[in-house]
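Following: one structure in structure tokens, then a few remarks.
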2 protein chains.
Amino acid sequence: MSGFGPGDAFLADCPARLAVELIADKWTVVVLYGLSQGPVRHGELIELIGGISRKMLTQTLRRLEAHGLIRRHAYAEVPPRVEYELTPLGATLIDPIHMLTEWARANGDAVLDALDAGPEPVAHSD
Amino acid sequence: MSGFGPGDAFLADCPARLAVELIADKWTVVVLYGLSQGPVRHGELIELIGGISRKMLTQTLRRLEAHGLIRRHAYAEVPPRVEYELTPLGATLIDPIHMLTEWARANGDAVLDALDAGPEPVAHSD
DNA sequence: AGGCTAGGTTTCCGATAGGAACCAGCAGGT
DNA sequence: ACCTGCTGGTTCCTATCGGAAACCTAGCCT
């Protein structure tokens with residue numbers, strides 16, 4: 001008895017699936033979060049996030065831009081300066097992301113704990 | 001001056017990064033959502049979700065189990081029956097996920113719209 | 001002139017995702 | 001008795017992705 005109605009879930013048919021797949025990659029959420037406090041430059045994001053390569057940053061930013069979540073602002077200066085900022089649409093994603101981070105802060109320990117206790121001997125008789 | 005303090009973001013150092021990376025893959029969120037209404041069997045999840053392969057389902061379920069978010073229940077019947085259900089810890093993730101789905105329901109159209117309008121001629125007024 | 005800066009792209013390679021096919025184990029049909 | 005089928009899971013193979021590092025552009029400084 002899976003009480004999922006046709007409009008209820010993002011299972012197989014609805015637009016929610018699309019949106020979840022939008023943000024369901026390693027860096028999207030982190031990048032959006034990095035932009036949540038205002039415009040940030042490419043290089044700043046690199047250092048802020050830590051661990052992301054230029055390539056993946058650019059790629060993630062481009063996709064977010066294409067989806068209307070962020071805006072790119074390239075100043076015709078030298079050395080070049082490029083800032084990224086959330087669009088109003090992108091800003092609406094910050095709340096759900098904050099919920100995720102809050103969850104992580106509250107339960108991250110429990111998850112690590114489970115991971116630690118997790119590798120049970122499993123009683124594989126051979 | 002990005003106003004991120006050391007305990008403020010999941011940028012580079014904190015546990016939130018770990019947690020975000022936990023759920024930041026194509027299927028985790030969908031699977032968790034699929035389990036949000038109670039125990040579901042492996043095969044039911046396959047049909048419910050639609051588009052996931054057995055392998056990825058199993059893999060996702062195993063990871064979620066290892067992280068303490070779901071519990072596996074294998075009945076010694078024939079044909080085999082295996083049910084998965086959220087643990088209390090896993091259940092706490094449903095709220096944030098619901099926020100995401102709500103966001104998607106509300107803004108999915110806007111995203112698709114941006115994607116459609118996105119490929120702009122780039123208006124290089126040079 | 002050569003090097004610096006800063007954003008971006010390209011190249012290469014290892015890791016991963018994903019589908020299809022196969023396996024296990026028993027019940028039931030023929 | 002044998003073969004098939006149901007269900008969950010695993011293995012094999014390939015296409016794609018992710019990441020490191022090198023290269024590019026372009027103007028300013030020395």
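These figures come from a predicted structure and were not determined experimentally. Hydrogens, waters and symmetry mates play no part in the numbers below; they use all other heavy atoms, side chains included. All chains are named by letter (A, B, ...) in the order of the sequence lines, taking the proteins before the strands, and each is independently numbered beginning at 1.
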### Carboxylate-amine/guanidinium contact D25(A) R63(A), below 4.0 Å
yes

### Query
Do you reckon L69(B) sits in the same ILVMFWY cluster as M99(A), going by side-chain contacts under 4.5 Å, direct or chained?
no

Is there side-chain contact between [X] and [Y], with at least one heavy-atom pair below 4.5 Å?
| X | Y | answer |
| --- | --- | --- |
| E85(B) | L35(B) | no |
| R71(B) | E83(B) | no |
| L57(B) | H42(B) | yes |
| I70(B) | L32(B) | yes |

Side chain of [X]: nearest nucleotide among [options]?
| X | options | answer |
| --- | --- | --- |
| R54(B) | dT10(D), dA27(C), dG7(C) | dT10(D) |
| P79(B) | dC6(D), dT10(D), dA22(D) | dC6(D) |
| R41(B) | dT10(D), dA20(D), dG8(D) | dG8(D) |
| V82(A) | dG18(D), dG7(C), dG8(D) | dG7(C) |
| K55(B) | dG25(C), dG19(D), dT10(D) | dT10(D) |

### Query
Looking across every strand, which nucleic acid part, if any, lies under 4.0 Å from Y84(A) by heavy atom: base, sugar-phosphate, or nothing?
sugar-phosphate

### Message
Please classify the nucleic acid contact of E77(A) as base, sugar-phosphate, or nothing, using heavy-atom distances under 4.0 Å.
### Response
nothing

## Note on the structure
Intra- and inter-strand pairing of DNA chain C, written as dot-bracket with Watson-Crick and G-U pairs under 3.5 Å and | for the latter, reads ||||||||||||||||||||||||||||||

In whole angstrom, give the distance that lies between atom [atom1] of [X] and atom [atom2] of [N].
| X | N | atom1 | atom2 | value |
| --- | --- | --- | --- | --- |
| E65(A) | dG7(C) | CD | P | 15 Å |
| L57(A) | dG18(D) | CG | P | 13 Å |
| H42(A) | dT9(C) | NE2 | C1' | 11 Å |
| I46(A) | dA6(C) | CD1 | P | 13 Å |
| I52(A) | dG7(C) | CD1 | P | 14 Å |
| R81(B) | dC26(C) | CZ | C1' | 16 Å |
| R62(B) | dA17(C) | CZ | P | 16 Å |
| D25(B) | dG18(D) | CG | C1' | 15 Å |

### Message
So, OP1 or OP2 of dG18(C): does either fall under 4.0 Å of a side-chain N or O from S53(B)?
### Response
no

### Query
Does a nitrogen or oxygen in the side chain of W27(B) sit under 4.0 Å from OP1 or OP2 of dG18(C)?
yes

### More than 12 heavy atoms of other groups within 6.0 Å of R81(B) CZ
yes

### Task
Take V78(A) and Q59(A), find for each the nucleotide of DNA chain D with the closest heavy atom, and name the residue whose nucleotide sits nearer the 5' end.
Q59(A)

### Main-chain N/O of L112(B) paired to D116(B) side chain as donor or acceptor, under 3.5 Å
no

